[in-house]
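Below is one structure; the comments refer to it alone.
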Amino acid sequence: MDPQAFVVATLVAHVGLAMFVTGHARLTETEAGKWPFVALTFGLAGVAAYFFYDESSDAGRI
């Protein structure tokens, strides 16, 4: 794969994941906080952190 195409595809995917996190937070009426930025930076790892990281308890939100 062309390096330029890889960078563009990665950027599009990360922006899409950040939009997904933001949309999910709005639909569920929860605070998105820092998670859209984490998803934008780290991609799928940021989305997983959004769903499973909960500051108030040891369990995830799902």
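On a predicted model such as this, the values are computed, not experimentally measured, just so you know. We count residues from 1, following the sequence as given.
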(Q) For a side chain to side chain contact (heavy atoms under 4.5 Å, CB included) check, start with the C-alpha distance between T30 and Y50, then their side-chain angles and the critical distance, and finish with the verdict. (A) CA-CA 11 Å; T30 59; Y50 166 73; 3.8 Å; yes
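In this structure, the side chain to side chain contact (heavy atoms under 4.5 Å, CB included) partners of V38, at least two apart in sequence or on a different chain, are K34, W35, F42. Looking at residues two or more places apart in sequence or on another chain, you find a side chain to side chain contact (heavy atoms under 4.5 Å, CB included) between V15 and L11, M19, L40. Judged as a side chain to side chain contact (heavy atoms under 4.5 Å, CB included), and not counting sequence neighbours, F37 has no contacts.
For the residue pair L17 and L44, the shortest heavy atom distance occurs at CD1-N, 3.7 Å. Of all heavy-atom pairs spanning P36 and G33, the tightest one is CD-O, 3.5 Å.
Aromatic ring orientation, F51 versus H24: perpendicular (interplanar angle above 60°, classes split at 30° and 60°).
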